[in-house]
*Asks:* 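Structure in structure tokens, see below.
All values below were derived from every heavy atom in this structure, side-chain atoms included, with hydrogens, water molecules and symmetry-related copies excluded.
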Amino acid sequence: MAPRAYWKGTLKLSLVSCPVVLYPATTAAEKTRFHMINRETGNRLKQQMIDSETGDVVESDQKGRGYELRKGKYVEIEPEELEAVRIESNHTIDIESFVPSEEIDQRYLNHPYYIAPDGKAAVDAFAVIRDAMKDQDRVALAKIVLTNREHIIAIEPLGKGLLGTTLRFPYELRDEDQFFENIKSPKITKDMVELAGHILHTKAAHFDPSAFKDEYENALKALVKRKASGKKIELPEPEERPSNVVNLMDALKQSLKGRGGKKKTAKSHARRATGRRQASKRSHRSTARQRKAG
């Protein structure tokens, strides 16, 4: 049974439009979750809102929204005032432009949704929009209102349907300079870069999400199952943390040795690189001698 649609509306490209439905493309339903309980009774606990100054329990009719102007000073915003600025949804995804997919910075990608035609009558128009996007190899940018907020959504073909991904606004991204500006530029030898490059080459693969295993989630499920059956939980011994002091070149060489059958290839790769550098130096010296003799 298909999940319930998260949003219903119209996908519009100029004068071509069709009814569509949105479904969240991700789910956390399978993740292991815990509740807070009373150790003595085994009953689940409920949270209460407490006044930070008086310590009194605040009832639901006393709760309001406030924006902190400065430390401890709030301006209260009434529900009807929020309604005044709420964006009304016209339930339309109006495509405004098409951009190359490589121009979209991945940091802007937020929540993915599956977009499907809503009913048999919508299939033809939906297919026209989808296939036109496939031919142009472009991503559509449009606006959509979800939960009273306007979002930019990037739309691209995915199989028989479309994938829509809401995008973050620029103010939601942190400037990378504040995190990278203090990174030094050390002198790295060419040999080190070549060794690291070969390690990358030996680990080359294709993206396969089915190979991803959530080891922690699996361990949680096993823990709950074992505890529920009354078995004792054995606590592992704490591991000794290795020293952070390493010789970078030694670490690169040991990494290559650890590749087993690839070691021979690594050595030949290094020998070829060294040979090329030596031949280049000999050629340079020979040319220099000829110029000097002339």
Side-chain angles (χ1 to χ4, degrees), residues 3-29 31 63-118 126 129-130 132-134 136-159 161-183 207 209 212:
R4 185 176 178 181
Y6 176 73
W7 183 94
K8 289 188 175 186
T10 302
L11 177 63
K12 188 176 180 183
L13 173 60
S14 190
L15 298 179
V16 180
S17 61
C18 65
V20 294
V21 288
L22 262 67
Y23 302 97
T26 61
T27 177
K31 281 190 175 290
K63 291 188 295 185
R65 295 175 184 268
Y67 180 84
E68 191 171 27
L69 297 174
R70 56 184 180 275
K71 188 66 175 179
K73 179 65 176 179
Y74 297 87
V75 57
E76 185 176 353
I77 305 298
E78 299 294 341
E80 56 269 22
E81 293 170 331
L82 287 175
E83 287 291 323
V85 297
R86 189 179 72 171
I87 298 176
E88 288 293 337
S89 174
N90 58 6
H91 289 274
T92 299
I93 305 175
D94 198 348
I95 297 175
E96 297 184 345
S97 61
F98 292 89
V99 300
S101 59
E102 63 270 16
E103 290 185 3
I104 300 178
D105 188 328
Q106 292 191 6
R107 292 174 296 177
Y108 284 91
L109 301 179
N110 199 1
H111 297 297
Y113 296 90
Y114 295 136
I115 304 176
D118 188 11
F126 183 88
I129 296 174
R130 178 199 63 206
M133 292 174 62
K134 283 183 180 179
Q136 296 294 322
D137 194 24
R138 293 235 165 183
V139 176
L141 295 182
K143 289 183 179 180
I144 184 173
V145 176
L146 300 171
T147 59
N148 301 327
R149 277 186 173 269
E150 189 174 63
H151 301 267
I152 304 299
I153 188 168
I155 305 170
E156 57 189 312
L158 180 66
L162 294 171
L163 175 67
T165 306
T166 55
L167 304 180
R168 296 181 176 93
F169 288 101
Y171 72 84
E172 296 179 276
L173 290 186
R174 291 174 171 172
D175 184 1
E176 72 272 16
D177 287 345
Q178 63 179 308
F179 305 100
F180 299 160
E181 64 181 355
N182 292 327
I183 298 177
F207 181 72
F212 301 164

*Asks:* Heavy-atom distance under 4.5 Å between the side chains of K8 and V21, does that happen here?
*Replies:* yes

*Asks:* Distance check, rounded to the nearest 0.5 Å: R86 atom CZ versus E83 atom CD?
*Replies:* 4.0 Å

*Asks:* Can you check whether T10's main-chain N or O pairs, donor with acceptor, with H91's side chain at less than 3.5 Å?
*Replies:* no

*Asks:* Could you tell me if the side chain of L162 sits less than 4.5 Å from the side chain of L11, heavy atoms only?
*Replies:* yes

*Asks:* Tell me, which pairs form a ring pair (Phe, Tyr, Trp, His ring centres under 6.0 Å) where one or both residues lie in residues 64-86, sequence neighbours left out?
*Replies:* none

*Asks:* Around atom CZ of R65, are there more than 12 heavy atoms from other residues, nucleotides or ligands closer than 6.0 Å?
*Replies:* no

*Asks:* Is the number of heavy atoms from other residues, nucleotides or ligands within 6.0 Å of NZ (K31) greater than 12?
*Replies:* no

*Asks:* With side chain to side chain contact (heavy atoms under 4.5 Å, CB included) as the criterion, how do V145 and N90 come out once you've worked through the C-alpha distance, each side chain's angles and the decisive distance to 0.1 Å?
*Replies:* CA-CA 8 Å; V145 176; N90 58 6; 5.6 Å; no

*Asks:* Does E81, at its CD atom, have more than 12 non-hydrogen atoms belonging to other residues, nucleotides or ligands within less than 6.0 Å?
*Replies:* yes

*Asks:* Using the side chain to side chain contact (heavy atoms under 4.5 Å, CB included) rule, take I129 and V16 through it: C-alpha gap first, then chi angles, then the decisive distance, then the call.
*Replies:* CA-CA 8 Å; I129 296 174; V16 180; 4.2 Å; yes

*Asks:* Under 3.5 Å, side chain of T166 to main-chain N/O of H151, donor-acceptor pair present?
*Replies:* no

*Asks:* Using a 3.5 Å distance criterion without hydrogens, assess whether the side chain of T92 forms a donor-acceptor pair with backbone atoms of D94.
*Replies:* no

*Asks:* Minimum heavy-atom separation for F207 and F212, please, with both atom names.
*Replies:* CE1-CZ, 3.5 Å

*Asks:* So, taking the atom named CD in E156 and the one named OG1 in T165, what distance separates them when rounded to the nearest 0.5 Å?
*Replies:* 6.0 Å

*Asks:* Quick one, L109 with I104, criterion side chain to side chain contact (heavy atoms under 4.5 Å, CB included). Give me CA distance, side-chain angles, the key distance, then yes/no.
*Replies:* CA-CA 8 Å; L109 301 179; I104 300 178; 4.1 Å; yes

*Asks:* Are P100 and V139 side-chain neighbours, meaning at least one heavy-atom pair lies under 4.5 Å?
*Replies:* no

*Asks:* Around atom OH of Y114, are there more than 12 heavy atoms of other residues, nucleotides or ligands at under 6.0 Å?
*Replies:* no

*Asks:* Could you report the tightest heavy-atom contact between K134 and G159, atom names first, then the distance?
*Replies:* NZ-O, 3.4 Å

*Asks:* In Å, rounded to the nearest 0.5 Å, how long is the span from CG of L22 to NE2 of H111?
*Replies:* 13.0 Å

*Asks:* Hey, are the side chains of S101 and R138 touching, using non-hydrogen atoms and a 4.5 Å cut-off?
*Replies:* no

*Asks:* Is there side-chain contact between M133 and F98, with at least one heavy-atom pair below 4.5 Å?
*Replies:* yes

*Asks:* Above 12 or not: heavy atoms from other molecules or residues under 6.0 Å from CG of D137?
*Replies:* no

*Asks:* What do the steps show when you test I153 against L167 for side chain to side chain contact (heavy atoms under 4.5 Å, CB included), and what is the final call?
*Replies:* CA-CA 6 Å; I153 188 168; L167 304 180; over 6 Å; no

*Asks:* What's the separation between atom CD1 in I152 and atom CG in L141, rounded to the nearest 0.5 Å?
*Replies:* 7.5 Å

*Asks:* Would you say the side chain of L82 lies within less than 4.5 Å of the side chain of E78, judging by non-hydrogen atoms?
*Replies:* no

*Asks:* Search all heavy atoms of I93 against all heavy atoms of A142 and return the closest pair with its distance.
*Replies:* CG2-CB, 3.6 Å

*Asks:* Which residues satisfy the side-chain contact (heavy atoms from CB on, under 4.5 Å) test with R168, sequence neighbours excluded?
*Replies:* N110, E172, L173

*Asks:* Report the residues that fulfil side-chain contact (heavy atoms from CB on, under 4.5 Å) with F180, sequence neighbours left out, ordered by chain and then residue number.
*Replies:* E176, I183

*Asks:* So I115 and F126, do their side chains get closer than 4.5 Å, heavy atoms only?
*Replies:* yes

*Asks:* Do the rings of Y6 and Y113 sit parallel, tilted or perpendicular, given the 30° and 60° boundaries?
*Replies:* parallel

